[in-house]
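To keep things clear, I will list the structure first and then write my remarks on it.
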Amino acid sequence: MSIPSKYDASQVEDKWYDYWMKHDYFHSEPDEREPYTIVIPPPNVTGVLHMGHMLNNTIQDVLIRRARLQGKNACWVPGTDHASIATEAKVVAKLKEQGINKNDLTRDEFLKHAWDWTEEYGGVILEQLKKLGCSCDWQRTKFTMDEDMSEAVIKVFVDLYNKGLIYRGYRMVNWDPEAQTTLSDEEVNHVERTDKLYYVKYQIEGENEYVTIATTRPETILGDTAICVNPEDERFTHLKGKNVIVPICNRVVPIIQDSYVDVEFGTGCLKITPAHDVNDKEIGDRHNLEVIDVLNADGSLNSFGMHHEGKDRVVARKDVANELEKLGILTKVEDHTHKVGTSERTKAVIEPRLSDQWFLNMQDLVKPAIKAVLEDEDVKLFPKRFNNTYRHWMENIRDWNISRQLLWGQQIPAYYYGDGKNDFVVAENIEDAIKLANEKLAVTSSGVEKPITASDLRQDTDALDTWFSSWLWPISVFDGIRHPENKEINYYYPTNDLVTGPDILFFWVARMIVAGYEFRNKKPFNNVYLTGLVRDKQRRKMSKSLGNSPDALKLIEEYGADGVRVGLLLSSAAGNDLMFDEDLCQQGKAFANKIWNSFRLIKGWEVADISQPESSRVAIAWFESKFQETLATIEDHYGKYRISDVLMETYKLITNDFSSWLLEMVKPEYQKPIDSKTYNAVIAILENNLKLLHPFMPFLTEEIWQHITERTPEEALIVSKWPESKVIDTKLIKDFDFASEVISGIRTIRKQKNIAFKDAIEMSVLDSEKASRAFDSVITKLGNISELTYTDEKLEGALTFRVKSNEYFVPMQGSIDVEAEIKKLTEELNYTVGFLKSVQKKLSNERFVAGAPEQVVASEKKKEADALAKIETLKASLAGLE
RNA sequence: GGGUCAUUAACUCAGUUGGUUUAGAGUGUUACCUUGACAGGGUAGAAGUCACUGGUUCGAAUCCAGUAUGACCCACCA
């Protein structure tokens with residue numbers, strides 16, 4: 001069989017993915033083995049793969065494949081999130097294109113459209129993950145709106161309501177006028193921008209005097225119900241108890257005093273609009289002020305806007321300002337830079353708005369989750385510094401607004417039966433609701449009227465926040481809410497690792513920990529690996545809006561999934577941002593090709609029943625130790641989630657130790673056969689290398705694995721066994737390092753003198769080091785030394801080089817460039833003398849000798865002795881030349 | 001306004017509790033060699049006052065304080 005010299009990923013990747021799928025290697029069922037579980041951070045069902053997904057799913061796949069090789073029962077649960085606000089926005093936009101207005105549709109009609117959309121585009125992203133090589137258990141694919149998942153959400157809502165933790169309240173919430181829904185505090189981003197600050201004077205009732213206030217939002221003047229000053233502010237003491245006239249609407253409102261007002265800011269005089277500002281609302285509550293809401297749900301002014309009614313708030317702002325100017329009471333306009341809340345999803349400017357919403361009281365829920373992370377380290381965050389962020393958020397947590405004025409999501413299971421504020425019941429289904437409603441009526445009303453039936457009940461029209469379903473994800477994918485004692489949840493939960501971006505630490509990670517303790521009394525996962533953001537070369541965040549994110553599938557097409565995976569992981573320390581550069585994928589691709597060709601070389605050898613050369617024997621013994629050393633380092637890195645370090649170690653092992661050294665050492669002469677003992681050992685080594693590499697480059701490694709020899713499906717690499725740790729022969733490794741320096745020396749001389757490798761040379765050694773001779777056969781082979789001899793005295797008229805204090809002589813015919821030799825020796829001497837000085841400086845410092853640990857002093861003395869010995873040989877050589 | 005993190009070679013990053021050579025890796029770069037594994041491979045080399053200023057110490061890239069620059073997070077000053 002001839003093997004192509006170029007590795008072609010496109011020919012290989014789909015083949016092996018199908019093969020693994022066909023043999024169910026991604027699928028997991030509970031058994032007696034130790035489980036290793038990851039639940040995927042479910043991407044938006046209608047989303048497409050971007051670089052962030054590629055990064056964190058590659059990491060998850062690395063972890064899961066390694067666990068599988070370690071013989072654990074590896075289970076990676078994939079799925080998607082219904083992402084209520086984002087998906088609904090897309091559906092609404094699509095309907096609009098078709099000339100359909102959402103408001104003309106019934107709830108069921110709209111949901112039908114949304115489901116159609118989900119079925120059409122949903123899951124595209126999961127197909128893309130397959131291209132990346134992700135070994136998810138696809139039989140377990142979940143969607144946050146699956147019937148069982150929704151049931152769990154509803155059950156949890158009812159449970160929390162019955163515990164008194166969920167309540168309905170008329171509160172100031174974040175209103176997104178574009179999506180026309182409320183948002184939780186976490187969904188609001190504060191962005192800096194420069195607006196106008198308008199100074200407006202209000203007339204004091206019955207007097208020809210004015211007070212001036214400053215506002216960025218003149219349109220809300222129409223909702224003013226007071227003017228407020230600081231009671232300490234002497235400039236305004238004379239105004240106490242007086243009223244002012246609100247411009248335009250000419251409402252008479254009181255001047256009140258509250259210490260909230262900052263004397264320094266603006267005019268020191270604050271207009272109070274309780275309906276449109278959180279602080280104003282609080283002040284209003286303290287002073288029993290009227291609340292006048294001037295805005296409609298879409299952000300336009302309502303009838304309180306008078307002749308500005310119907311105008312959008314932004315338009316109205318200018319118009320009102322103009323009107324104020326005409327009235328001659330706009331005294332000043334200046335630029336003002338401040339932070340404005342915007343919607344995370346729609347980017348619309350958020351309006352604080354009073355409305356009836358559902359809230360979850362977080363105060364007590366959060367307690368076990370704080371303890372778990374910060375005190376017990378039951379859940380560990382990587383990198384650890386996120387503990388601080390976590391603490392800050394958790395300790396300052398406020399009640400969670402969980403209702404959304406959306407249709408796409410789990411409908412809130414509250415049923416209203418009357419007009420009163422408390423005429424509702426919360427139940428998992430309508431039957432329970434009827435029962436509960438009747439019970440409640442029997443208690444509250446004296447005369448029993450006719451019993452309530454289904455038609456008397458109206459279900460709350462709001463849906464739940466998306467995160468109210470995804471916070472259950474690690475539990476609900478195993479049906480642990482509905483059936484808390486089922487076999488799966490008991491086996492797979494808590495999961496092992498969670499890999500996600502720090503941007504959803506609050507949205508999701510923290511809330512999952514809360515949910516875990518509340519509903520299972522157990523953490524949802526042991527470790528959280530927070531990846532960095534993927535940035536471009538100019539350090540900009542990769543985002544759709546900037547258009548700087550490369551097309552994931554195109555990258556895979558060009559470099560192969562393995563190449564892209566390697567490219568992404570080559571430089572991504574946990575929690576640090578990743579500067580993505582396509583060149584790294586190119587490096588990944590070249591690496592794949594390199595491994596492919598090393599395999600080609602081995603496969604091309606003819607094997608014969610001949611004796612094993614000493615050089616091969618020792619080379620193999622060395623590599624086996626080197627491999628073990630690397631394996632130990634790798635295990636350590638894995639334990640610390642230093643995934644890119646794992647990859648770099650593996651990369652060096654394969655390109656340096658394996659390809660550049662081992663293969664060169666055991667390579668038979670051209671067109672001569674290799675002995676079977678060496679061949680078999682090299683194959684075994686190659687197989688172990690493939691195992692280390694498989695988590696990173698699953699396709700390439702499986703391809704080579706299957707090329708090495710015929711394998712049954714059970715013998716596939718993906719389900720083979722991770723290499724065992726053995727004792728490391730450190731002496732052998734050290735001896736080899738020494739030998740490799742000798743070989744380097746020979747190569748340097750060959751290069752300087754232009755001696756072709758095919759011309760054998762002699763070499764003799766003055767072995768003051770008493771160096772190990774274990775690798776002499778290797779030195780002879782790789783240096784092409786015809787005769788290696790040990791001598792007691794310097795060899796005149798030869799080229800020399802030194803390793804430590806050993807001297808090596810290569811006799812030369814013809815003249816030697818004495819000048820160059822002297823120069824070289826002098827340079828080396830100077831360096832060594834300089835080095836000696838720095839060591840001696842330390843040693844002559846009494847306080848160092850007295851203060852430093854014995855071990856350190858000893859090592860410094862050894863350095864001194866080594867340097868002195870080397871200087872001696874250098875000086876002697878120089879003297880010989882001159 | 002509060003907080004977290006970063007700043008080491010041209011680039012991307014290591015450098016673990018201060019002491020294994022006068023700071024490392026991968027990529028890139030330079031010179032030469034090589035067309036019998038390798039969209040290349042090999043060999044050798046160049047390249048860094050470890051952001052800055054002080055301090056602690058026998059000894060600091062590493063610990064402390066401050067400064068500068070950048071990034072991110074949190075926060076209801078109109």
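A note on names: the letters A, B, ... follow the listed sequences, proteins ahead of strands, and every chain is numbered from 1. What you are looking at is a predicted structure, and each value in this text was computed from that prediction instead of being measured.
- If you check B:U35 for Watson-Crick or wobble pairing at under 3.5 angstrom, you find it has no partner at all.
- Remark: A:Glu219 engages A:Arg217 in a salt bridge, criterion side-chain N to carboxylate O under 4.0 Å.
- Comparing B:G41 with B:C50, their P atoms sit 33 Å apart, to the nearest whole Å.
- A:Leu533 places its CG atom 14 Å from the C1' atom of B:U4, with the value rounded to the nearest Å.
- No side-chain donor-acceptor contact under 3.5 Å links A:Asp280 to the backbone of A:Pro274.
- Checking B:G26, B:A37, B:C73 against the side-chain heavy atoms of A:Met648 singles out B:G26 as nearest.
- Within the 4.0 angstrom heavy-atom criterion, base atoms lie near A:Lys667.
- One can place CG of A:Asn784 at 20 Å from P of B:C33, the figure rounded to the nearest angstrom.
- Using C1' as the reference atom, B:C58 and B:U16 are 24 Å apart when rounded to the nearest Å.
- Nucleotides B:A25 and B:G45 have their P atoms positioned 12 Å apart, rounded to a whole Å.
- Under the Watson-Crick or G-U wobble criterion, with both distances below 3.5 Å, B:A6 is paired with B:U69.
- Expressed to the nearest 0.5 Å, how far CD1 of A:Ile708 lies from CD1 of A:Ile704 amounts to 7.0 Å.
- When the side-chain nitrogen and oxygen atoms of A:Tyr651 are compared with OP1 and OP2 of B:U27, one or more of them lie within a distance under 4.0 Å.
- The side chain of A:Tyr831 sits closest to B:U22 out of B:U43, B:U22, B:C72.
- When the nearest nucleotides of RNA chain B are assigned to A:Thr215 and A:Asn593 by heavy-atom distance, the more 5′-ward of the two goes with A:Asn593.
- Among the heavy atoms of the strands, none lies under 4.0 Å from A:Arg391.
- Between A:Glu629 and A:Lys626, at least one side-chain N (NZ, or NE/NH1/NH2) sits under 4.0 Å from a carboxylate O, which counts as a salt bridge.
- Taking the side chain of A:Val856 as heavy atoms from C-beta on, and the options B:A25, B:A78, B:G19, the nearest nucleotide is B:G19.
- Of the candidates B:U20, B:G26, B:A37, B:U20 carries the atom nearest the A:Lys863 side chain, counting heavy atoms from C-beta on.
- Put simply, CD on A:Gln587 is 11 Å from C1' on B:A25, counting in whole angstrom units.
- Rounding to whole angstrom units, CH2 of residue A:Trp393 and C1' of B:G3 are separated by 17 Å.
- Side-chain atoms of A:Leu270 lie closest to B:A78 of the nucleotides B:A37, B:U4, B:A78.
- Within the shown strands, B:A44 is the pairing partner of B:U30 under the Watson-Crick or G-U definition, both distances less than 3.5 Å.
- Within a 6.0 Å sphere centred on CD of A:Glu334, heavy atoms belonging to other residues, nucleotides or ligands number more than 12.
- Across all strands, A:Gly604 comes closer than 4.0 Å to no nucleic acid atom at all (heavy-atom distances).
- B:U62 and B:C52 are spaced 10 Å apart, taking the P atom of each and rounding to whole Å.
- For A:Asp262, the side-chain atoms get nearest to B:A78 when compared with the rest of B:G19, B:C76, B:A78.
- A:Tyr7 comes within contact range of at least one nucleobase, with a heavy-atom separation under 4.0 Å.
- Comparing A:Asn189 and A:Gly268 against RNA chain B, the residue whose closest nucleotide sits nearer the 5' end is A:Asn189.
- Among the atoms of the strands shown, only primed sugar atoms or phosphate atoms (P, OP1, OP2) are found under 4.0 Å from some heavy atom of A:Ser744.
- The side-chain heavy atoms of A:Ser184 and A:Asn174, taken from C-beta on, include no pair separated by under 4.5 Å.
- Dashed line: the shortest gap from a side-chain N or O of A:His392 to OP1 or OP2 of B:C73 is not under 4.0 Å.
- Residue contacts shown for A:Lys339 include a base, since a base heavy atom lies under 4.0 Å away.
- Side-chain contact between A:Leu330 and A:Val333: present, with at least one pair of heavy atoms (C-beta onward) separated by less than 4.5 Å.
- Contact annotation: A:Arg747 reaches the phosphate of B:U43 (side-chain N/O to OP1 or OP2, under 4.0 Å).
- Using a 4.0 Å heavy-atom cutoff across all strands shown, A:Phe757 reaches no nucleic acid atom at all.
- When the P atom is compared between B:C11 and B:U43, the two are found 26 Å apart, to the nearest whole Å.
- In this structure, A:Lys862 atom NZ and B:G19 atom C1' are separated by 17 Å, rounded to whole Å.
- Nearest to the side-chain atoms of A:His338 among the listed nucleotides B:C76, B:A78, B:A31 stands B:A78.
- Remark: P of B:C74 and CZ of A:Phe386 are 11 Å apart, rounded to the nearest angstrom.
- Regarding A:Asp581, its CG atom lies at a distance of 17 Å from the P atom of B:A10, rounded to whole Å.
- A:Val261 comes within contact range of at least one nucleobase, with a heavy-atom separation under 4.0 Å.
- Rounded to the nearest Å, the gap between the C1' atom of B:U12 and that of B:G48 is 15 Å.
- Checked by distance alone, A:Asp645 brings no side-chain donor or acceptor within 3.5 Å of a matching partner on the base of B:A14.
- Taking atom C1' in both B:G2 and B:A46, the straight-line distance is 47 Å, to the nearest Å.
- Atom P of B:A14 sits at a distance of 13 Å from the matching atom of B:A9, rounded to the whole Å.
- Residue contacts for A:Thr389: at a heavy-atom cut-off of 4.0 Å it reaches the sugar-phosphate backbone alone, with no base atom in range.
- Using a 4.0 Å heavy-atom criterion, one finds that A:Lys589 contacts the bases of the nucleic acid, with or without backbone contacts as well.
- Base engagement by A:Glu664 is indicated by at least one non-hydrogen atom pair under 4.0 Å involving a base atom.
- Whole-Å rounding puts the A:Lys842 NZ to B:C58 C1' distance at 10 Å.
- Counting only heavy atoms from C-beta outward, the side chains of A:Ile634 and A:Asp645 never approach each other to under 4.5 Å.
- Taking a pair to require two hydrogen-bonding distances under 3.5 Å in either a Watson-Crick or a G-U wobble arrangement, B:C58 pairs with B:G19.
- The partner of B:C13 is B:G24, by the rule that a Watson-Crick or G-U pair needs both atom distances under 3.5 Å.
- The shortest distance between the side-chain N/O atoms of A:Ser838 and the OP1/OP2 oxygens of B:U22 is below 4.0 Å.
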